[in-house]
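Just so it is clear, the model here is predicted, and its values are computed rather than measured.
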Amino acid sequence: MPVDSPPAPQPPLVLDTLANPGLPSDECPRRARIQLDLLLLAIEALDLVGGEAMLTTAHDLGLNGLVRGRVHLWLLRGTNPMRRYSQRRPLDLEEAKALVIIICTLARRLTVLVRQLLLGYQQLTDKQLSPDHHFRLADYLIRFRSHFRARMNPRRAGVIAYSSDEKLDELAIQLLHQLLLCSGVLGPQRLWSSLFDGEVS
């Protein structure tokens, strides 16, 4: 008597909220891979236990099949070609969707802090003061610069563009704005669409 094969695992329903972008393949474009990793880097700079929170969030949302533990998350993030130890493996669309959902979930939890930092940055800018005058903002920027320099390949052209503290601070603030957009009800859809601007004909 033949034994029925177990049904193929279905992707979590939460991923159904993100429409396939109509690319020629199921692989995530280069710019999208970079952007997802940088947003995760910003979350790590905001939250000292951000890396652990990513894994916990993946588990809570039933995304374990796509983000299978710490090493696998590192491999997914390593598809960012700017990394020191960049992975040649592609990042498929389902994996990218999982990262988007994780980013937006964590951004929602960090909304109050992100708003405080952006407000502080605006106030300092209006007064022509440096971020050093805002302890929490300065702390975020220091950690972001440290994470970026430790993990990105300094020989890559995209990394060389951020060789100064000022350029890295600009990137870190830009990522805060993006995380704030991610934190809304339609955050996942906004982020997902932005990853493919100019990629879909």
Side-chain angles (χ1 to χ4, degrees), residues 4-44 46-47 50-83 85-111 114 151-152 156-159 171 174-201:
D4 291 336
S5 300
Q10 296 298 310
L13 292 177
V14 67
L15 302 186
D16 291 344
T17 61
L18 305 177
N20 286 332
L23 297 174
S25 75
D26 287 335
E27 296 181 9
C28 219
R30 180 180 189 276
R31 186 172 63 85
R33 287 180 275 134
I34 293 172
Q35 191 62 26
L36 289 171
D37 186 38
L38 289 178
L39 285 167
L40 291 169
L41 202 70
I43 288 171
E44 286 180 309
L46 287 167
D47 184 353
E52 199 60 42
M54 293 168 200
L55 297 174
T56 302
T57 301
H59 179 270
D60 292 346
L61 295 174
L63 298 171
N64 313 61
L66 293 166
V67 182
R68 301 186 297 276
R70 190 180 308 278
V71 172
H72 190 241
L73 177 60
W74 178 77
L75 291 172
L76 296 182
R77 296 181 65 181
T79 60
N80 172 4
M82 290 168 60
R83 284 221 165 214
Y85 306 106
S86 179
Q87 306 296 313
R88 294 192 179 275
R89 74 181 291 282
L91 180 72
D92 69 40
L93 291 179
E94 291 297 293
E95 292 169 332
K97 286 180 180 182
L99 293 181
V100 164
I101 297 296
I102 290 169
I103 288 167
C104 293
T105 301
L106 293 175
R108 201 169 301 125
R109 295 176 191 169
L110 293 165
T111 302
V114 171
R151 300 176 192 182
M152 303 301 161
R156 302 276 182 180
V159 178
L171 175 60
Q174 176 190 333
L175 291 167
L176 285 183
H177 282 289
Q178 291 174 346
L179 286 174
L180 189 59
L181 288 175
C182 291
S183 66
V185 176
L186 295 177
Q189 289 80 7
R190 287 197 195 100
L191 175 55
W192 183 247
S193 297
S194 73
L195 295 176
F196 305 102
D197 286 347
E199 301 286 349
V200 183
S201 57

Participant: Going by heavy atoms in the side chains, are Gln35 and Asn80 under 4.5 Å from each other?
Facilitator: no
Participant: Which is it for Val67 and Thr57 under the side chain to side chain contact (heavy atoms under 4.5 Å, CB included) test, yes or no, and what are the steps along the way?
Facilitator: CA-CA 10 Å; Val67 182; Thr57 301; over 6 Å; no
Participant: Run Leu15 and Leu63 through side chain to side chain contact (heavy atoms under 4.5 Å, CB included) and show every step you take.
Facilitator: CA-CA 9 Å; Leu15 302 186; Leu63 298 171; 4.0 Å; yes
Participant: How long is the span from the SG atom in Cys182 to the CG atom in Leu106, to the nearest 0.5 Å?
Facilitator: 10.5 Å
Participant: If you compare all heavy atoms of Glu94 against all heavy atoms of Asp92, which two are closest, and at what distance to 0.1 Å?
Facilitator: N-OD1, 3.1 Å
Participant: Return the minimal non-hydrogen interatomic distance between Ser25 and Leu93, and the atom names on each side.
Facilitator: O-CD1, 4.3 Å
Participant: Would you please say whether a donor-acceptor pair under 3.5 Å links the side chains of Arg156 and Ser86?
Facilitator: no
Participant: Do any pairs count as a side chain to side chain donor-acceptor pair (under 3.5 Å) and have a residue in residues 69-79, sequence neighbours left out, and if so which ones?
Facilitator: Asp37-Arg77, Glu44-Arg77, Glu52-Arg70, Arg68-His72
Participant: Got a donor-acceptor contact below 3.5 angstrom from the Ser194 side chain to the Leu191 backbone?
Facilitator: yes
Participant: Counting distance only, does the side-chain N/O of Arg33 pair as donor-acceptor with the main-chain N or O of Pro81 below 3.5 Å?
Facilitator: no
Participant: What do the steps show when you test Leu36 against Val100 for side chain to side chain contact (heavy atoms under 4.5 Å, CB included), and what is the final call?
Facilitator: CA-CA 7 Å; Leu36 289 171; Val100 164; 3.7 Å; yes
Participant: Return the minimal non-hydrogen interatomic distance between Ser183 and Ala107, and the atom names on each side.
Facilitator: CB-O, 3.7 Å
Participant: Looking at Lys97, is its backbone amide N or carbonyl O close enough to the side chain of Trp192 to form a donor-acceptor pair, meaning the two atoms are under 3.5 Å apart?
Facilitator: no
Participant: Evaluate side chain to side chain contact (heavy atoms under 4.5 Å, CB included) for Ile102 paired with Ile43, printing each intermediate quantity in order.
Facilitator: CA-CA 11 Å; Ile102 290 169; Ile43 288 171; over 6 Å; no
